[in-house]
Amino acid sequence: MAQARPYYGDKGFSTAFYDRVTGLDARLAGDVEIYADLAPAGGAVLELGAGTGRVTFALAALGHRVTGIDLAPAMLAQAQAKRIGLAADVAARIELRLGDMTSVDLKRTFALVVCPYFTLAHVPAGAAWRNTFATAARHLDTGGLAAFHLPRMEIMRAPGPADPSQPVMAEPLPEGGKLLLFVRSRTFREAIGRLDQVIEYAVADATGTIRDRSAERLTYYMADPEPAAATAGLTLDRPPIDLGGVGDVWVFRKG
Ligand SMILES: C[S@@+](CC[C@H](N)C(=O)[O-])C[C@H]1O[C@@H](n2cnc3c(N)ncnc32)[C@H](O)[C@@H]1O
């Protein structure tokens, strides 16, 4: 197998097929509703790691002004392209910016900060988590909420597929053929709460012959988020909200 590339890269298949694969992930069902329930009517929302705009656009459609920041230009480019097709009033409520959630400073505050779909888990659970919570706190109104969706530790520990040569997903493509997903390797290091995976995306033609493939590295970090949040002055507001049995939305309040 060729050397694995980083996730969300410019030419990566994780980027190109993000919406298709994420749209099939039933474990995310209901996440937008959780974030919408946390947002005061018409309140401004900041999304950390907005990606292709899945959550940003949905919250804007519900009437919120939403700023989405993301580190990956290729993910944001997809969001910008989709924004053109939105109703003018919805598009007008959306701002998309390139930025790193561990350091960005927009010099304004929001009623709600959201960090969906394991985005915090993409950065190491030490200084990078503390800095991301500091970003959330810096951008929150007093009394505002910050919601972080994190994976459960037992899901991180779960073994990979018994046979890595068998796809974990085989999805017909509208243009013909199939998109296949393989988990080529999966290693969890308990002591540092780090999961390293190589996910291979493959495009097969109608005969099943693989025509294109891209192996990409996806690393998740998990730890108790409460101590890192506390360093930024954020306190847990309620018990974590179960999402799909594999993760929880942790809601913190700025005092
Ligand atoms: C799983 S996707 C989530 C996208 C979107 N929030 C959603 O729920 O569909 C994770 C996103 O986080 C972004 N990301 C990872 N590290 C980041 C960082 N340090 N700052 C900003 N974005 C980051 C990635 O580029 C990617 O677009």
Side-chain angles (χ1 to χ4, degrees), residues 5-36 38-39 45-61 64 66-83 94-106 112-136 138-139 146-151 155-156 181 194-195 197 199 201 216-222 228 241 243-244 246-250:
R5 307 193 278 196
Y7 239 64
Y8 311 124
D10 284 357
K11 301 210 163 50
F13 283 20
S14 57
T15 303
F17 291 110
Y18 180 83
D19 283 348
R20 194 179 303 269
V21 172
T22 304
L24 295 168
D25 193 341
R27 302 164 310 172
L28 285 178
D31 72 338
V32 168
E33 288 76 5
I34 292 174
Y35 305 128
L38 297 172
V45 181
L46 172 63
E47 183 179 3
L48 304 177
T52 62
R54 184 182 69 87
V55 175
T56 291
F57 293 179
L59 293 177
H64 300 285
V66 191
T67 299
I69 67 127
D70 201 283
L71 193 58
M75 293 291 277
L76 272 186
Q78 285 194 54
Q80 295 284 17
K82 289 194 297 183
R83 182 191 181 166
I94 296 167
E95 184 190 8
L96 298 168
R97 297 180 60 150
L98 193 63
D100 185 335
M101 66 185 178
T102 66
S103 59
V104 70
D105 187 355
L106 303 174
L112 174 69
V113 173
V114 298
C115 189
Y117 200 4
F118 304 165
T119 296
L120 182 65
H122 288 60
V123 299
W129 277 32
R130 289 192 294 279
N131 291 339
T132 303
F133 282 114
T135 295
R138 187 161 61 241
H139 290 91
F148 289 81
H149 178 209
L150 285 165
I155 299 303
M156 308 264 288
L181 238 70
R194 173 175 170 154
L195 173 66
Q197 299 179 90
I199 313 284
Y201 292 70
E216 303 184 15
R217 284 190 309 278
L218 179 61
T219 299
Y220 287 145
Y221 304 86
M222 187 50 192
I241 304 166
L243 192 52
V246 295
D248 298 282
V249 178
W250 296 71

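Numbering of ligands and ligand atoms starts at 1, following listing order. Just so you know, these numbers come straight off a predicted model, no measurement behind them.
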Visitor: Would you give the length of the straight line joining atom CG of Leu150 to atom CG of Leu243, rounded to the nearest 0.5 angstrom?
Guide: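 The CG atom of Leu243 is 11.0 Å from CG of Leu150, to the nearest 0.5 Å.
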Visitor: Please state which protein non-hydrogen atom is closest to atom 15 (C) of ligand 1 and give its distance, to 0.1 Å?
Guide: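 I find the closest protein heavy atom is His122 CB, 4.1 Å.
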Visitor: For atom 8 (O) of ligand 1, what is the nearest protein heavy atom, given as residue, atom name and distance?
Guide: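 Checked against all protein heavy atoms, atom 8 (O) of ligand 1 sits closest to Arg54 NH2, 2.9 Å.
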Visitor: For ligand 1, which atoms, with element, lie under 4.0 Å from some heavy atom of Glu47?
Guide: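 That gives atoms 5 (C), 6 (N) of ligand 1.
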Visitor: Any idea which atoms of ligand 1 are less than 4.0 Å away from a heavy-atom of Gly99?
Guide: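 Close to Gly99: 20 (N), 21 (C).
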Visitor: Tell me: protein heavy atom nearest atom 5 (C) of ligand 1, and distance?
Guide: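 For atom 5 (C) of ligand 1, the nearest protein heavy atom is Gly49 O, 3.4 Å.
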Visitor: For atom 10 (C) of ligand 1, what's the nearest protein heavy-atom neighbour? Residue, atom name and distance, please.
Guide: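 The closest one turns out to be Thr119 OG1, 3.3 Å.
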Visitor: Answer with side chain, backbone, both or neither: which part of Ala128 has a heavy atom less than 4.0 angstrom from an atom of ligand 1?
Guide: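 No part of Ala128 is near ligand 1 at this cut-off.
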Visitor: What pair of heavy atoms forms the shortest contact from Ile94 to Arg83, and how long is it?
Guide: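 Nearest heavy atoms, Ile94 then Arg83: O-NH2, 2.5 Å.
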Visitor: Which residue supplies the protein heavy atom nearest to atom 25 (O) of ligand 1, what is that atom called, and how far is it?
Guide: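 Of the protein heavy atoms, Asp70 OD1, 2.7 Å lies nearest.
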Visitor: Can Tyr8 be said to touch ligand 1, with heavy atoms closer than 4.0 Å?
Guide: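 Tyr8 counts as a contact of ligand 1 under the 4.0 Å cut-off.
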Visitor: Using ring-ring contact (aromatic ring centres under 6.0 Å, His included) as the criterion, point out the one residue from Tyr35, Phe118, Trp250 that pairs with His149.
Guide: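 That would be Phe118; it is the only one of Tyr35, Phe118, Trp250 passing the ring-ring contact (aromatic ring centres under 6.0 Å, His included) with His149.
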Visitor: Evaluate Leu181 against Ile199 for side chain to side chain contact (heavy atoms under 4.5 Å, CB included), listing each step before the verdict.
Guide: CA-CA 7 Å; Leu181 238 70; Ile199 313 284; 4.1 Å; yes
Visitor: Where does the angle between the aromatic ring planes of Tyr117 and Tyr18 fall among parallel (under 30°), tilted (30 to 60°) and perpendicular (over 60°)?
Guide: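 Judged by the thresholds at 30° and 60°, the geometry between Tyr117 and Tyr18 is tilted.
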Visitor: Are any of the heavy atoms in Thr22 under 4.0 Å away from ligand 1?
Guide: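 No, that is not the case, since the closest heavy atom of the residue is not under 4.0 Å from the ligand.
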Visitor: Should Tyr7 be listed as contacting ligand 1, given a heavy-atom distance under 4.0 Å as the test?
Guide: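 It does not, in that no heavy atom of Tyr7 comes within the 4.0 Å cut-off of ligand 1.
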Visitor: Which heavy atom of Ala128 sits nearest to which heavy atom of Thr102, and what is that distance?
Guide: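 That would be O-CG2, 3.8 Å.
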Visitor: For residues Ala50 and Gly68, report the shortest heavy-atom separation together with the two atoms involved.
Guide: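 Closest approach of Ala50 to Gly68, heavy atoms only: CB-CA, 3.6 Å.
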Visitor: Counting only heavy atoms, which portion of Tyr117 has something under 4.0 Å from ligand 1: side chain, backbone, both, or neither?
Guide: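 Within the 4.0 Å criterion, Tyr117 contacts ligand 1 through backbone and side-chain atoms alike.
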Visitor: Taking all non-hydrogen atoms of both residues into account, name the closest pair between Met156 and Tyr220 and its distance.
Guide: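 Looks like CE-O, 3.7 Å.
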Visitor: Give the atoms of ligand 1, by number and element, whose distance to some non-hydrogen atom of Met101 is under 4.0 Å.
Guide: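 Counting atoms of ligand 1 from 1, those under 4.0 Å from Met101 are 18 (C), 19 (N), 20 (N), 21 (C).
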Visitor: Just to confirm my output: which protein heavy-atom neighbour is closest to atom 23 (C) of ligand 1, and how far is it?
Guide: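 Going atom by atom, the protein heavy atom closest to atom 23 (C) of ligand 1 ends up being Leu71 CB, 3.7 Å.
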Visitor: Which ligand 1 atoms does Asp100 reach within 4.0 Å, using its non-hydrogen atoms?
Guide: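 Listed by number with element, the hits are 18 (C), 19 (N), 20 (N).
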Visitor: Just so I know, are the side chains of Val249 and Asp31 near enough to count as touching, which here means a heavy-atom distance under 4.5 Å?
Guide: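 They are not in contact (no side-chain heavy atoms under 4.5 Å apart), so the answer is no.
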Visitor: Students should be able to answer this: which protein heavy-atom is nearest to atom 9 (O) of ligand 1, and at what distance?
Guide: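 The answer is Tyr18 OH, 2.6 Å.
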Visitor: Run the numbers for me: atoms of ligand 1, each under 4.0 Å from some heavy atom of Ala72, listed by number.
Guide: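 Counting from 1, the qualifying ligand atoms are 25 (O).
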Visitor: Check whether the side chains of Asp70 and Tyr8 place a donor and an acceptor atom closer than 3.5 Å, and report yes or no.
Guide: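 Side chains of Asp70 and Tyr8: no pair found under 3.5 Å.
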Visitor: Starting from the C-alpha separation in whole Å, work towards a yes-or-no answer on side chain to side chain contact (heavy atoms under 4.5 Å, CB included) for Arg97 and Val104.
Guide: CA-CA 10 Å; Arg97 297 180 60 150; Val104 70; over 6 Å; no
